[in-house]
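Worksheet: the structure to be examined is printed underneath.
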Amino acid sequence: MNKTINLSLTSDEIEMLVDALEVDMEGYVESAKEARGNGNRADVQTFTEAATRIQNLMAKLQDVVED
């Protein structure tokens with residue numbers, strides 16, 4: 001269930017969220033590399049998808065701050 005939520009944040013708060021998401025994304029990228037090394041394709045796909053979704057969200061947030 002995806003529901004749109006309107007939320008007011010300062011640019012500093014958005015930058016903090018972007019920083020936290022970046023760390024989270026790096027963890028997923030690293031986990032995907034480890035899973036690839038272990039030959040676990042299902043985990044590679046799951047971790048890669050999570051990293052991609054985080055990257056897309058980060059881009060949306062960065063676009064708001066850059067305006």
Side-chain angles (χ1 to χ4, degrees):
M1 168 172 62
N2 287 329
K3 179 172 93 173
T4 299
I5 298 171
N6 293 321
L7 182 64
S8 296
L9 298 170
T10 66
S11 59
D12 286 344
E13 291 169 330
I14 291 175
E15 289 176 15
M16 288 172 28
L17 286 173
V18 169
D19 289 344
L21 287 169
E22 185 173 15
V23 170
D24 197 33
M25 183 184 70
E26 289 170 0
Y28 280 113
V29 169
E30 188 61 34
S31 293
K33 288 178 186 177
E34 289 177 17
R36 189 173 293 112
N38 294 330
N40 190 337
R41 289 183 177 189
D43 282 350
V44 171
Q45 182 179 359
T46 298
F47 295 141
T48 301
E49 181 182 337
T52 301
R53 293 179 72 186
I54 291 169
Q55 187 175 27
N56 291 338
L57 177 56
M58 285 173 46
K60 285 176 76 172
L61 291 172
Q62 289 168 332
D63 286 347
V64 171
V65 174
E66 292 174 1
D67 285 349

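Quick caveat, the model's predicted, so the values are computed rather than measured. Quick note: residue numbers are just sequence positions, from 1.
- The CG atom of Asp19 sits 12.0 Å away from the CD1 atom of Ile14 when rounded to the nearest 0.5 Å.
- Two different hydrophobic clusters hold Met25 and Met16 under the rule that ILVMFWY side chains link at heavy-atom gaps under 4.5 Å.
- Within the model, atoms CG of Asn38 and NZ of Lys33 stand 14.5 Å from one another, a figure rounded to the nearest 0.5 Å.
- Linking ILVMFWY residues whenever their side-chain heavy atoms come closer than 4.5 Å, directly or via other members, leaves Val44 and Val29 in distinct clusters.
- Leu9 CG to Leu61 CG: the interatomic distance, rounded to the nearest 0.5 Å, is 8.0 Å.
- Within a 6.0 Å sphere centred on CD of Glu26, other residues, nucleotides and ligands contribute more than 12 heavy atoms.
- Leu21 and Ile5 are members of different hydrophobic clusters when ILVMFWY side chains are connected at heavy-atom separations under 4.5 Å.
- The distance from the CD atom of Glu22 to the CD atom of Glu15 is 12.0 Å, given to the nearest 0.5 Å.
- The number of heavy-atom neighbours closer than 6.0 Å to CZ of Phe47, taken from other residues, nucleotides and ligands shown, is above 12.
- Summarising the geometry, atom CE belonging to Met58 is positioned 15.0 Å from atom CZ belonging to Arg53; distances are rounded to the nearest 0.5 Å.
- Summarising the geometry of Ala35 relative to Asp43, their closest heavy-atom pair is CB-CB, 3.7 Å, with the distance given to 0.1 Å.
- We find the CG-CD distance between Asn40 and Gln45 to be 11.0 Å, quoted to the nearest 0.5 Å.
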